[in-house]
Number of protein chains: 2
Amino acid sequence: MSDDVAPKKAWQLVVDWIEQRILSGEFAVGSHLPAERDLAQRVGVSRPAVREAVRTLQANGVLQSAVGAGATGGTTISGVPHQALTRLLRLHVALANFPTPDVTEVRVALERLSTRLASTRATDADLARMRDLLEVMDDDGLTMAEFNNHDTGLHVAIAEAAGNRLASDLTIAIRESMRLPILAGLDALPDWISTRDILRAQHHGIVAAITAHETEAAVALIEEHIRSAYARMTSLHADAGG
Amino acid sequence: MSDDVAPKKAWQLVVDWIEQRILSGEFAVGSHLPAERDLAQRVGVSRPAVREAVRTLQANGVLQSAVGAGATGGTTISGVPHQALTRLLRLHVALANFPTPDVTEVRVALERLSTRLASTRATDADLARMRDLLEVMDDDGLTMAEFNNHDTGLHVAIAEAAGNRLASDLTIAIRESMRLPILAGLDALPDWISTRDILRAQHHGIVAAITAHETEAAVALIEEHIRSAYARMTSLHADAGG
DNA sequence: CACATCTTAATGGTAAGACCATTACTCCCC
DNA sequence: GGGGAGTAATGGTCTTACCATTAAGATGTG
């Protein structure tokens, strides 16, 4: 009976209206949506409902908005999913909806894929970027937090050298979602300096294997790198028993 | 200079307020947020701004709202990321922000992981569910769309047997994001019947290997299954040249 | 005719206020 | 103790008004 079907919320009608046109191909990246006032009239809801719908799809990385008349103003379809992915995963990791052992397993699988692809596809610019990051991380003056940022940057650089958009975005999103937990895990270590030295050596090995197109070696090294780092950070394992 | 820093939008202030408390651990799954009116006052914005912020985090699968007084009403922290993930990926696949060859590679990596985990962790109930789906799919009377739904259901069942929340949710989200493109690809095939028979045989092999804990066999079979299906659906490759 | 300036309009951003439907809680009566 | 009525809390929705930004159009000047 229709009693079981709750009437759709006004903002949901707008979301559906927009999604339908995305799925049908009518809206593509760069397409301009009707103005909020026009869309409200067209769908038969109020302008705040349109705004709530826009916010929903903005959170999905699908829409972006700007004030002003002409081509720069209004709401357009966006082609930038990675920030939305990153935010989503970071929040759910923080809420422990994804336990860190699970995240680590997935990281291994995805970074194996990214590293495999990067070892055959990385450009000279990609490789130079990795080497720059290695050099920065070899500076003994870095704080742990700074080192972690560059460490993340190296993983991001490898992912971006993969030439696979989804693999890159997912790899980046998952690594970023673990930034704070990893930093906390490093902070709890008895000996940061020796850990840092091990991480550095591993980074060098990975980049060397990628540079030499030694695909299987690179893949094995990235996996070993992630697993051994995780194993060291015993504070991250607290989730596992939960 | 501060000229370069745009003032934060009112709804962004609320999103930040909520995110900060999630990241700090103050809010956990099940936590109740202050009422919209209270939150508006506390953050110093209007209630519509709060609603827009709630919509943002709802789209990230982080919040859910209900009308009414008492424990059932209000806005609470949610622990259900998979729908948000699925929606996000589906929209971006539809917008061609993730080309289908990229998606297929990532599917292979993730379904290898899910299948590996499932072959050691699947319960009797998980296996029975897979066998039920095999049996349903062996019915010659199914339409292509119905078969595709159950095919998706099998991939979902394997992913859920993995016992790794993130792997499951990502595998499911990615498979679901490809549901319509796969259906279109199947529709364009010259001989659906022979394809269906091949898919069925492959499904049986995968489930048998999982059941027998033949991990490496199961992993190889799921990869072959995905790759060969993708290779058959030439209409999906149109993206590759884009 | 080209350029500069001003005016106007379009657009998203924001807030206040009013009202509605749902839900639970409290109080009163039997 | 149970049932019913009243009240309050909550999200849901809409209307109205205003603001800041941006571009387009109109007007004036050289």
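By convention in this document, chain letters (A, B, ...) are assigned in the order of the sequence lines, proteins followed by strands, and residues within each chain are numbered from 1.
- Atoms CH2 (Trp11(B)) and P (dG12(C)) sit 14 Å apart, rounded to a whole Å.
- Whole-Å rounding puts the Leu57(B) CG to dG11(D) P distance at 14 Å.
- Put simply, CZ on Arg131(A) and CG on Asp126(A) are 10.5 Å apart, with the number rounded to the nearest 0.5 Å.
- Taking atom CD of Glu52(B) as the reference point, atom P of dG12(D) lies 14 Å away to the nearest angstrom.
- Remark: C1' of dA9(D) and CD of Gln41(B) are 15 Å apart, rounded to the nearest angstrom.
- Positionally, the nearest nucleotide of DNA chain D for Arg47(B) lies more toward the 5' end than for the other of Arg47(B) and Arg47(A).
- Checking the phosphate oxygens (OP1, OP2) of dA15(C), no side-chain nitrogen or oxygen of Arg51(A) falls inside 4.0 Å.
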- Do Ile18(B) and Leu39(B) pass the side-chain contact (heavy atoms from CB on, under 4.5 Å) test, and can you show the C-alpha distance, the side-chain angles, and the key distance before you say yes or no? CA-CA 10 Å; Ile18(B) 296 168; Leu39(B) 197 47; 4.3 Å; yes
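- Between the CZ atom of Arg37(B) and the C1' atom of dA18(C) there is a distance of 11 Å, rounded to whole Å.
- For Pro48(A), counting side-chain heavy atoms from C-beta on, the closest listed nucleotide (dG13(C), dG11(D), dC14(D)) is dC14(D).
- Relative to the side chain of Ser46(A), the nucleotides dT13(D), dG12(D), dA17(D) differ in distance, and dT13(D) lies closest.
- Residue contacts for Val45(B): at a heavy-atom cut-off of 4.0 Å it reaches the sugar-phosphate backbone alone, with no base atom in range.
- Side chains of Asn164(B) and Arg121(B): a donor-acceptor N/O pair is absent below 3.5 angstrom, by distance only.
- Ring planes of Phe147(B) and His203(B): parallel class, angle under 30° (limits at 30 and 60°).
- The distance from atom CG of Leu39(A) to atom P of dG12(C) is 9 Å, rounded to the nearest whole Å.
- Under 4.0 angstrom from either OP1 or OP2 of dG13(C) there lies at least one side-chain N or O belonging to Arg55(A).
- The distance from atom CZ of Arg21(A) to atom OG of Ser31(A), rounded to the nearest 0.5 Å, is 12.0 Å.
- Contacts between residues 67-77 of chain A and DNA chain C, defined by a heavy-atom separation below 4.0 Å, involve Val67(A), Gly68(A), Ala69(A), Gly74(A), Thr75(A), listed by number.
- The CG-C1' distance, from Asp38(B) to dT10(D), rounds to 10 Å in whole Å.
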Between Val50(A) and Val43(A), is the side-chain contact (heavy atoms from CB on, under 4.5 Å) condition met? List the steps.
CA-CA 9 Å; Val50(A) 170; Val43(A) 181; over 6 Å; no
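- Here the C1' atom of nucleotide dT14(C) and the CD atom of Glu36(B) are 16 Å apart, to the nearest Å.
- Side-chain N/O atoms of Asn97(B) and His92(B) include a donor and acceptor closer than 3.5 Å.
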